[in-house]
Amino acid sequence: MATCLGVLLLVAATGCGGGDEPVRATGTGTPNAPGTVSKPGSLEGFSAPESVLFAGDRWFVSNIGAKVDPTGKDGDGFLTELNSVGTVTARRAMPRLGDPPLNAPKGLAHTDNRVFVADIDRVVGYDIDTHGQVFEAPVGGDEPALLNDIALLDPHTLLVTDTARGTVHKLDLETEKFESLATGMPGANGIAIDPSGNLAYVVGLGADFGGGDVWRLDLTRHPVTPQRVGGIHGVLDGLAVLANGDLVISDWVASQGDRPGKVNIYRDDGVEVTAVEGPENLHGPADFTVDPAGRNLWMPAMPDNRLVIVPLP
């Protein structure tokens, strides 16, 4: 397995109060260019990091918070901002002081100079420059909700997974209204849209977080009916669709205990292509992203309070 050898950044964590541990890099080396690193490495000192977003030359990480309760409305969640060479510019960038708190922020998306984040039963939006809250849309409904991951369908529409309801919602950013797009995906978690924009893929945790599947959504059809992809099964979380259509999927392997997680690449029919080599002690690989150069995965290891950066094969 690859070891954490490369320095990724010079860290200048700011605003770290209340006993927070500053974010720091491990390893040796220097960055190559924005969004790329010369060798694998890690960033440590987050607070249950769940998702990573590249928004131009600014990067964001969602932190569920010290209580690590994905459904708890405890107000201790926040977003960390980094610049294009990976320096932490604001550990608690959002919410801004005086804005309503975040509880357990997870999936992230970016459009129209705004960062959007899923937070249990609502999607919240922030101005990328001022860090002020500019948007809030509650999902509504009588059933418990657990909004999890977000994918940008077009500049005005988000697709949002709902783990508790096994559903993908469509969120209109102009009307701030949700509508159900597809149901029947137990523990729906990570979501990604293929390069054509016509297909979305969803990975699941399973109804009781005991193991779920991969689903394909044909966005050109109405209604949208989920189709299972191959025999992939696990405690699935992160998902990306590569330029060639292959799927990168992370698997916690077990929702509890000390078993390490794994990341694999599959064809779009579910046949495994290869494993992604990471550190041996990778736990809870969550909602990763592929860097702008398409070379590395930036992956939250949520139970370990760190990001792991590993090269794609």
Checklist entry - Could you walk me through whether Asn63 and Thr80 pass the side chain to side chain donor-acceptor pair (under 3.5 Å) check? => result CA-CA 7 Å; Asn63 296 260; Thr80 296; 3.1 Å; yes
Ignoring hydrogens and angles, tell me if any N or O in the side chain of [X] forms a donor-acceptor pair with the backbone of [Y] under 3.5 Å.
X      : Y      : value
Asp129 : Asp127 : no
Lys106 : Leu146 : no
Asp251 : Val235 : yes
Asp149 : Ile191 : yes
Thr130 : Gly132 : yes
Asp121 : Pro144 : no
Asp208 : Gly210 : no
Arg259 : Trp252 : no
Arg267 : Glu272 : no
Asp291 : Asn296 : yes

| task | Only counting residues at least two apart or in another chain, list the ones meeting salt bridge (charged side-chain N to carboxylate O under 4.0 Å, His left out) with Asp112. | result |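 In terms of salt bridge (charged side-chain N to carboxylate O under 4.0 Å, His left out), with neighbours along the sequence ignored, Asp112 is linked to Arg114.
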In chain order, what residues pass the salt bridge (charged side-chain N to carboxylate O under 4.0 Å, His left out) check against Asp213, with sequence neighbours excluded?
->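 Salt bridge (charged side-chain N to carboxylate O under 4.0 Å, His left out) check on Asp213 returns Arg228.
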Spacing of [X] atom [atom1] and [Y] atom [atom2] [to the nearest 0.5 Å]:
X      : Y      : atom1 : atom2 : result
Thr274 : Tyr266 : OG1   : OH    : 10.5 Å
Ile265 : Leu247 : CD1   : CG    : 10.0 Å
Leu171 : Leu181 : CG    : CG    : 12.0 Å
Phe60  : Leu82  : CZ    : CG    : 9.0 Å

Using the six-membered ring of Tyr201, assess whether NZ or CZ of Arg216 lies under 6.0 Å from its centre and within 45 degrees of the ring axis.
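No, cation not above the ring by the 6.0 Å, 45° rule.
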Open item on the list: Going by side-chain hydrogen bond (donor to acceptor under 3.5 Å, both in side chains), Asn148 matches just one of Thr163, Asp287, Thr161, Asp162. Which one?
Closed with: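 By the side-chain hydrogen bond (donor to acceptor under 3.5 Å, both in side chains) criterion, Asn148 pairs with just one of Thr163, Asp287, Thr161, Asp162: Thr163.
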Minimum-distance pair of heavy atoms, taken over all atoms of [X] and [Y]:
X      : Y      : result
Arg306 : Pro49  : O-CG, 3.7 Å
Ala301 : Leu282 : CB-CD1, 4.0 Å
Asp268 : Gly245 : CB-O, 3.8 Å

Review point. Is there any ring pair (Phe, Tyr, Trp, His ring centres under 6.0 Å) pair reaching into residues 108-132, and which pairs are they, with sequence neighbours excluded?
Key: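 Those involving residues 108-132 are Phe116-Phe135.
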Start with the C-alpha gap between Leu147 and Ile120, add the side-chain angles, then the distance that decides, and say whether side chain to side chain contact (heavy atoms under 4.5 Å, CB included) holds. CA-CA 5 Å; Leu147 302 185; Ile120 303 178; over 6 Å; no
(Q) Determine whether the aromatic ring centres of residues Phe54 and Trp298 are separated by less than 6.0 angstrom. (A)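 Ring centres of Phe54 and Trp298 closer than 6.0 Å.
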Just so I know, are the side chains of [X] and [Y] near enough to count as touching, which here means a heavy-atom distance under 4.5 Å?
X      : Y      : value
Leu152 : Leu158 : yes
Leu297 : Ile309 : no
Gln133 : Pro100 : yes

Whether Arg122 and Glu136 form a salt bridge (side-chain N of Lys/Arg under 4.0 Å from carboxylate O of Asp/Glu) is what I want to check.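 Looking at Glu136 and Arg122, the cut-off is met.
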Handout entry: Lys262/Val253 under side chain to side chain contact (heavy atoms under 4.5 Å, CB included): CA gap, chis, key distance, verdict
Key = CA-CA 7 Å; Lys262 62 181 182 179; Val253 178; 4.0 Å; yes
**Asked** Should Val290 and Leu312 be marked as a side chain to side chain contact (heavy atoms under 4.5 Å, CB included) after you check the CA-CA gap, both sets of side-chain angles, and the distance that decides it?
**Response** CA-CA 9 Å; Val290 180; Leu312 284 166; 4.0 Å; yes
message: Side chains of Asp69 and Thr71: any donor to acceptor distance under 3.5 Å?
response: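 Side chains of Thr71 and Asp69: pair found under 3.5 Å.
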